[in-house]
**Q** 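My structure is below; once you've seen it, I'll send some questions.
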Protein chains: 2
Amino acid sequence: MGRVSAPTSSTYRQPDRSEIRIETVLHALADPVRLDMVRQLARCEGELACGGFDVSVSKSTLTHHLRTLREAGVIGSRPMGTTRQNWLRRKDLDALFPGLLDGILAAPR
Amino acid sequence: MGRVSAPTSSTYRQPDRSEIRIETVLHALADPVRLDMVRQLARCEGELACGGFDVSVSKSTLTHHLRTLREAGVIGSRPMGTTRQNWLRRKDLDALFPGLLDGILAAPR
DNA sequence: ATCGAACTTCGATGATCGTCGTACAAGGAG
DNA sequence: CTCCTTGTACGACGATCATCGAAGTTCGAT
């Protein structure tokens, strides 16, 4: 039957640079779990699979946080086999809000 | 009865620099109304009375937003006669999270 | 074709949040 | 002292949020 199947396409929604809004980014970063995830992405300097994050929440909650970050434009992600790779959109964030990400990552603890 | 009446002292609670937490600051700045208020404070380069903000919410909501910003450590405030003066704690924020405030204020629109 | 691993989707739940109107307190002016 | 102005405290209400478990999907391997 006509299942064209863009594979769960709603999940892939990622804003392009011009659509990223500062309020949404700040809201995404204001959660302790998500901020920690962003720090882990910044530290690893590359991509991280969903299962590669060290967090203390359930898997479904992890998915929720990843979507929040992705839809805010903080991270990008692409499926890779049965896993999904995530990365920090540092270039876009630095271009839009120069200093913001570094300022946040420089925060004590 | 023993109403000592430190003048609504709970309202004056302001964290000192070492108590300011990045998650709280980000949460405070993530609201459109509050972010706009911070922009107004940054633009005026000085102090602003509560009534001096150009916002589209009721007075009690304004009070609520000012308290959120104050308790997060984003602004300081002191009573002055019947009014209350508010200012951006730029020095503290720049020291703790260098670049964050400028990055946010540089955000398009 | 079957299995397991890796994520996502779908309610549901309890907590926090933004908003308001009303009532109250404090200070200045008459 | 009596007003008027400025701002705060107190519920209350609807919306959003973080969290979870159970069920479903997708893909690679056997």
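All of these numbers come straight from a predicted model, not from anything done at the bench. Numbered from 1 within each chain, the chains take letters A, B, ... in sequence-line order. Every heavy atom of this structure was used, including side-chain atoms; hydrogens, water molecules and symmetry mates were not.
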**Q** Does C:dG18 have its OP1 or OP2 closer than 4.0 Å to a side-chain nitrogen or oxygen of B:Arg34?
**A** yes
**Q** I need the A:Ile75 CD1 to A:Asn86 CG distance, nearest 0.5 Å.
**A** 4.5 Å
**Q** Rounded to the nearest Å, what distance is computed from the CG atom of residue B:Leu62 to the C1' atom of nucleotide D:dT8?
**A** 12 Å
**Q** May I ask you to test the B:Gln40-B:Asp54 pair for a side-chain heavy-atom distance under 4.5 Å?
**A** yes
**Q** What I'd like to find out is whether the side chain of A:His64 reaches to under 4.5 Å of the side chain of A:Lys59, using heavy atoms alone.
**A** no
**Q** Pick the closest DNA chain D nucleotide for A:Ser58 and for A:His27 by heavy atoms, then say which residue is nearer the 5' end.
**A** A:His27
**Q** Map A:Thr61 and B:Leu66 onto DNA chain D by nearest heavy atom, then report which one ends up closer to the 5' terminus.
**A** B:Leu66
**Q** Whole angstrom is fine here: how far is it from CE in A:Met37 over to P in D:dA18?
**A** 12 Å
**Q** Does B:Asp16 pair with B:Arg89 as a salt bridge, N-O distance under 4.0 Å?
**A** no
**Q** Side chains of A:Ser60 and A:Thr63 only: does a donor on one sit below 3.5 Å from an acceptor on the other?
**A** no
**Q** Within the modelled atom types, does a donor on one side and an acceptor on the other bring the side chain of B:Thr83 and the base of D:dG7 under 3.5 Å apart?
**A** no
**Q** Examine the base of C:dG21 for any acceptor or donor lying under 3.5 Å from a partner atom in the side chain of B:Ser60, and report the outcome as yes or no.
**A** yes
**Q** To the nearest Å, how far apart are B:Met80 CE and C:dA26 C1'?
**A** 15 Å
**Q** Take atom CG of A:Asp31 and atom C1' of C:dC17, then tell me their distance rounded to the nearest Å.
**A** 14 Å
**Q** Compare the minimum distances between each of C:dA6, C:dT19, D:dT19 and the side chain of A:Thr82, then state the nucleotide with the smallest one.
**A** C:dA6
**Q** Rounded off to whole Å, could you give me the CG-to-P distance for the A:Leu26 and D:dC17 pair?
**A** 14 Å
**Q** How long is the line joining CG of A:Leu48 and C1' of C:dC7, in whole Å?
**A** 15 Å
**Q** For the pair made of NE2 in B:His65 and C1' in C:dT19, what is the distance, rounded to whole Å?
**A** 8 Å
**Q** Can you measure A:His64 atom NE2 to C:dC10 atom C1' for me and round it to whole angstrom units?
**A** 14 Å
**Q** Can you tell me which nucleotide in D:dG7, C:dT8, C:dG18 comes closest to the side chain of A:Lys59?
**A** C:dT8
**Q** Any side-chain N or O of B:Arg84 less than 4.0 Å from the OP1 or OP2 oxygen of D:dT8?
**A** yes
**Q** Strictly below 4.0 Å: does B:Arg67 bring a side-chain N or O up to OP1 or OP2 of D:dA9?
**A** yes
